[in-house]
Amino acid sequence: MRLGLLILAVFATLSVAPLAADARSDAKRQVEFGIAVSQRGLWREAIYRWERAAQIDPTYAAAHNNLAIAYEHEGELEKARAAYEKAVELEPNNSFIKQNYELFKEINDRTTRQDSQ
């Protein structure tokens with residue numbers, strides 16, 4: 001009985017690894033497509049692709065970072081902040097993501113202060 005459970009656990013583990021790799025691969029394709037359409041100014045399509053990438057692989061920090069940039073571009077600042085925070089949470093040592101978030105906070109906080117004066 002124990003051997004049967006052990007074998008089942010091993011097969012379950014082995015079957016999950018390819019699924020995770022496939023999810024990351026699918027998410028990367030969505031991110032790349034989002035980059036291509038954003039470069040043509042199609043920000044709504046880019047947001048759709050990056051949201052899809054984040055759904056496919058919620059641990060993919062690049063998808064959240066790009067989504068944050070797109071939300072910021074479209075003026076959806078609360079969504080941008082949440083996406084940046086998720087990206088930083090997933091990859092706290094990624095200097096590119098941290099730099100994007102710090103710049104966002106600096107600009108957004110300055111604008112908020114000016115609006116309140």
Side-chain angles (χ1 to χ4, degrees):
M1 179 70 170
R2 283 188 177 183
L3 180 59
L5 289 176
L6 178 61
I7 291 171
L8 183 59
V10 168
F11 281 127
T13 303
L14 292 176
S15 66
V16 169
L19 292 176
D22 288 346
R24 177 56 59 98
S25 180
D26 290 346
K28 278 186 173 186
R29 281 193 291 277
Q30 293 292 325
V31 166
E32 289 166 4
F33 191 84
I35 291 169
V37 296
S38 71
Q39 290 171 337
R40 294 195 309 252
L42 302 171
W43 287 97
R44 284 281 142 212
E45 180 66 20
I47 288 172
Y48 172 79
R49 297 301 172 164
W50 293 327
E51 285 176 342
R52 184 75 185 110
Q55 289 170 349
I56 293 168
D57 184 354
T59 67
Y60 192 25
H64 295 281
N65 179 69
N66 291 1
L67 197 49
I69 292 167
Y71 285 146
E72 184 177 359
H73 181 273
E74 294 297 294
E76 298 180 45
L77 302 182
E78 289 307 312
K79 286 184 173 182
R81 183 178 299 276
Y84 277 126
E85 288 172 355
K86 183 65 175 178
V88 169
E89 174 188 323
L90 291 169
E91 287 189 20
N93 297 321
N94 185 316
S95 59
F96 182 70
I97 292 172
K98 288 191 323 189
Q99 180 181 7
N100 286 344
Y101 185 38
E102 290 303 317
L103 185 58
F104 165 79
K105 288 191 302 186
E106 181 181 321
I107 292 169
N108 191 43
D109 292 348
R110 185 180 322 131
T111 303
T112 302
R113 280 194 307 270
Q114 288 174 351
D115 289 346
S116 66
Q117 291 179 354

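Everything numeric here is computed off the predicted structure, so don't read it as measured data. Quick note: residue numbers are just sequence positions, from 1.
For the residue pair Y71 / E51, a side-chain donor-acceptor distance below 3.5 Å is found, with atom types taken as modelled.
Classification of K28 and E32 as a salt-bridged pair fails, no side-chain N sitting under 4.0 Å from a carboxylate O. Ion pairing between R44 and E74 holds under the 4.0 Å rule for side-chain N and carboxylate O. Salt bridge R29/D22: absent, no basic N to carboxylate O contact under 4.0 Å.
Exactly one residue among E72, E102, H64 makes a side-chain hydrogen bond (donor to acceptor under 3.5 Å, both in side chains) with Y84. That residue is E72.
Annotation for R81: atom CZ counts as buried by contact number, over 12 foreign heavy atoms lying within 6.0 Å.
The hydrophobic cluster analysis finds L90 isolated: no Ile, Leu, Val, Met, Phe, Trp or Tyr side chain comes under 4.5 Å of it, directly or through other members.
Each of L67 and I56 belongs to its own hydrophobic cluster when Ile, Leu, Val, Met, Phe, Trp and Tyr are linked at side-chain heavy-atom distances under 4.5 angstrom. Both L77 and V88 are part of a single hydrophobic cluster, where members link through side-chain heavy atoms under 4.5 Å apart. Hydrophobic clustering places I35 together with W43 (ILVMFWY residues linked when any side-chain heavy atoms are closer than 4.5 Å, directly or through intermediates).
One distance of note links OG of S38 with CD1 of I69; it measures 8.5 Å at 0.5 Å rounding. In this structure, E91 CD and F96 CZ are separated by 11.5 Å, a value rounded to the nearest 0.5 Å.
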